[in-house]
There are 2 protein chains.
Amino acid sequence: MVDSQTRFEELVNRLREQGYRLTPQRMALLRLLAASDGHPSASHLYDQLHTQFPTTRLGTIYKTLNLLKDLDEVLELGFSDDDNRYDGNKPYPHPHLICVRCRKIMDPEVKLAQDLVQQVAQQSGYQIVSHRLDFYGVCPDCREGE
Amino acid sequence: MVDSQTRFEELVNRLREQGYRLTPQRMALLRLLAASDGHPSASHLYDQLHTQFPTTRLGTIYKTLNLLKDLDEVLELGFSDDDNRYDGNKPYPHPHLICVRCRKIMDPEVKLAQDLVQQVAQQSGYQIVSHRLDFYGVCPDCREGE
DNA sequence: GTGCTTGCAAACAGTTTGCAGATAG
DNA sequence: CTATCTGCAAACTGTTTGCAAGCAC
């Protein structure tokens with residue numbers, strides 16, 4: 001992972017150069033995204049921002065997250081049965097490891113064989129634009145109490 | 001893919017042996033699930049059932065789908081930004097290929113290297129219970145009109 | 001000063017739940 | 001006969017939208 005201060009500055013510059021405004025709330029959100037490796041949800045980010053900016057609402061957070069998503073600076077991990085999660089450090093497809101008990105999400109140190117993507121493209125005639133690989137399991141902490 | 005009649009009978013027997021009732025609506029839903037290779041959504045199934053059983057409601061369809069999901073006879077593909085899709089023919093993890101334009105879903109003829117799963121388990125200490133691999137792309141039909 | 005951003009509240013959509021009447025076994 | 005299933009409607013939840021006031025530039 002890139003240094004969190006560096007990533008923060010990257011995000012700030014990216015918004016600035018695109019002509020977006022850097023409000024204090026946005027700066028704080030960018031700082032959180034750059035600092036977190038835990039794939040926070042919008043409401044987790046809200047909990048953290050709320051202490052500093054008591055009037056901040058979830059809606060505002062979603063707006064900024066969607067903005068960053070459109071700029072490809074944040075990866076959104078959507079779940080149909082749970083809050084979506086956001087990764088502001090590695091905004092490109094990569095495998096995730098999800099604990100089915102505590103919902104902790106980490107990045108395993110593996111990657112999808114690139115020729116598998118090629119193979120799918122050739123077989124199907126699809127133009128592949130992205131992919132997603134999630135492993136579901138029980139994390140060591142959650143296995144302990146069994 | 002297994003023959004659709006065979007799969008239908010499998011599903012019927014599975015419900016029967018578990019003591020669940022085989023109502024006409026359920027039978028029709030099982031038939032649809034066994035026959036479809038297009039990963040239908042609940043509302044797609046509803047559209048089809050509705051002609052035969054005009055009083056059938058989406059809620060009922062969800063109840064039966066969840067029942068089959070609990071019996072591991074249907075695979076649910078959840079999407080945070082779209083209807084969930086259901087696969088009654090291959091109710092185990094396998095890769096999917098999703099058109100980002102028309103939302104058609106097919107099964108590419110590839111499979112995830114099994115040792116990748118092992119590798120993740122060993123590295124992380126997680127007990128892996130499942131996984132999901134989705135490729136996103138533009139299907140040949142949707143590329144045509146470009 | 002201009003118009004993007006925020007706070008706020010209401011809307012949205014897919015899915016789930018609760019209940020009374022219908023029905024499979 | 002009776003417990004399960006269906007139809008129905010309301011509830012639920014995470015996310016999005018619309019608008020007026022605020023503030024970055």
Side-chain angles (χ1 to χ4, degrees), chain A residues 11-30 32-33 39-71 74-86 103 105, chain B residues 11-30 32-33 39-71 74-86 103 105:
Chain A
L11 288 170
V12 170
N13 290 333
R14 195 68 209 293
L15 286 190
R16 203 197 313 270
E17 82 198 6
Q18 298 284 323
Y20 292 106
R21 292 189 184 165
L22 293 164
T23 63
Q25 295 93 324
R26 270 192 184 165
M27 298 290 267
L29 183 59
L30 297 184
L32 279 179
L33 285 171
H39 308 82
S41 64
S43 77
H44 184 213
L45 293 165
Y46 171 77
D47 290 343
Q48 292 178 83
L49 278 188
H50 199 253
T51 59
Q52 207 180 342
F53 300 92
T55 58
T56 289
R57 315 302 263 145
L58 260 177
T60 305
I61 291 174
Y62 277 112
K63 281 170 192 162
T64 300
L65 286 172
N66 284 333
L67 172 61
L68 292 167
K69 194 171 59 167
D70 290 345
L71 295 175
V74 151
L75 180 72
E76 181 183 55
L77 284 181
F79 294 96
S80 61
D81 55 351
D82 202 1
D83 300 21
N84 293 351
R85 304 293 202 88
Y86 298 88
R103 282 280 158 175
I105 299 183
Chain B
L11 289 170
V12 169
N13 290 333
R14 196 69 208 294
L15 286 190
R16 204 197 312 273
E17 83 198 4
Q18 298 284 321
Y20 292 106
R21 294 191 182 165
L22 293 164
T23 64
Q25 294 92 325
R26 268 191 188 168
M27 298 288 266
L29 183 58
L30 297 184
L32 279 179
L33 284 171
H39 307 82
S41 64
S43 76
H44 184 214
L45 293 165
Y46 171 77
D47 290 343
Q48 293 179 82
L49 279 187
H50 199 253
T51 60
Q52 207 180 340
F53 299 93
T55 57
T56 289
R57 314 302 261 145
L58 260 176
T60 306
I61 292 174
Y62 277 114
K63 280 170 191 162
T64 300
L65 286 173
N66 284 334
L67 172 60
L68 293 167
K69 194 173 58 168
D70 290 346
L71 296 175
V74 150
L75 180 72
E76 181 182 56
L77 285 181
F79 294 96
S80 62
D81 56 350
D82 202 359
D83 300 22
N84 293 350
R85 303 295 199 90
Y86 298 88
R103 282 281 157 176
I105 300 185

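So that the names make sense, note that chain A is the first sequence line, chain B the second, and so on, each numbered from 1. Not measured: the values here are computed from a predicted model.
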(request) Provide the closest heavy-atom pair for B/Phe79 versus B/Asn84 in the form atom of the first, atom of the second, distance. (result) N-OD1, 3.0 Å
What is the distance from [atom1] of [X] to [atom2] of [N], rounded to the nearest Å?
{"X": "B/Leu67", "N": "D/dT6", "atom1": "CG", "atom2": "P", "value": "9 Å"}
{"X": "B/Leu58", "N": "D/dG7", "atom1": "CG", "atom2": "P", "value": "11 Å"}
{"X": "A/Lys63", "N": "D/dT17", "atom1": "NZ", "atom2": "P", "value": "10 Å"}
{"X": "A/Asp70", "N": "D/dT16", "atom1": "CG", "atom2": "P", "value": "10 Å"}
{"X": "B/Leu29", "N": "D/dC5", "atom1": "CG", "atom2": "P", "value": "13 Å"}
{"X": "B/Asn66", "N": "D/dT6", "atom1": "CG", "atom2": "C1'", "value": "15 Å"}
{"X": "A/Arg26", "N": "C/dT5", "atom1": "CZ", "atom2": "P", "value": "4 Å"}
{"X": "A/Asp83", "N": "C/dG14", "atom1": "CG", "atom2": "C1'", "value": "16 Å"}

(message) With a sphere of 6.0 Å drawn around NE2 of A/His44, does it hold more than 12 non-hydrogen atoms of other residues, nucleotides or ligands?
(response) no
(request) Using the ring of A/Tyr20 (Phe, Tyr or Trp, six-membered ring only), decide whether A/Arg14 places NZ or CZ under 6.0 Å from its centre and within 45 degrees of its axis. (result)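 Pair A/Arg14/A/Tyr20 does not count as cation-pi.
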(message) Categorize A/Thr23 for me: base, sugar-phosphate, or nothing, with a 4.0 angstrom heavy-atom threshold over every strand shown.
(response) sugar-phosphate
(message) What contact category does A/Asn84 fall into here, base, sugar-phosphate, or nothing, at under 4.0 angstrom with non-hydrogen atoms?
(response) sugar-phosphate
(message) If we count only N and O atoms by modelled type, under 3.5 Å, do the side chains of A/Lys63 and A/Asn66 hold a donor and an acceptor together?
(response) no
(request) Report the C-alpha separation of B/Leu30 and B/Leu15 in whole Å, then their side-chain angles, then the decisive distance to 0.1 Å, and conclude whether the side chain to side chain contact (heavy atoms under 4.5 Å, CB included) test is met. (result) CA-CA 10 Å; B/Leu30 297 184; B/Leu15 286 190; 3.9 Å; yes
(message) I want to confirm an ordering. Mapping B/Arg85 and B/Leu22 to their closest nucleotides on DNA chain C, which one lands closer to the 5' end?
(response) B/Arg85
(message) Working to the nearest 0.5 angstrom, can you tell me the gap between A/Leu75 CG and A/Lys69 NZ?
(response) 10.0 Å
(message) With the threshold set at under 4.0 Å for non-hydrogen atoms, list the residues of residues 40-57 of chain A touching DNA chain C in residue-number order.
(response)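 Heavy-atom cutoff 4.0 Å gives A/Thr55, A/Thr56, A/Arg57.
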(message) The test is side chain to side chain contact (heavy atoms under 4.5 Å, CB included); show your working for B/Glu76 and B/Leu65 and say whether it passes.
(response) CA-CA 9 Å; B/Glu76 181 182 56; B/Leu65 286 173; over 6 Å; no
(message) Just N and O in the side chain of A/Gln25: are any of them under 4.0 Å from OP1 or OP2 of D/dC23?
(response)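 For A/Gln25, the contact criterion (side-chain N or O under 4.0 Å from OP1 or OP2 of D/dC23) is not met.
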(message) I'd like to know if B/Arg21 reaches the base of D/dT4 with its side chain such that a donor and an acceptor end up less than 3.5 angstrom apart.
(response)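 Donor-acceptor pair under 3.5 Å: yes.
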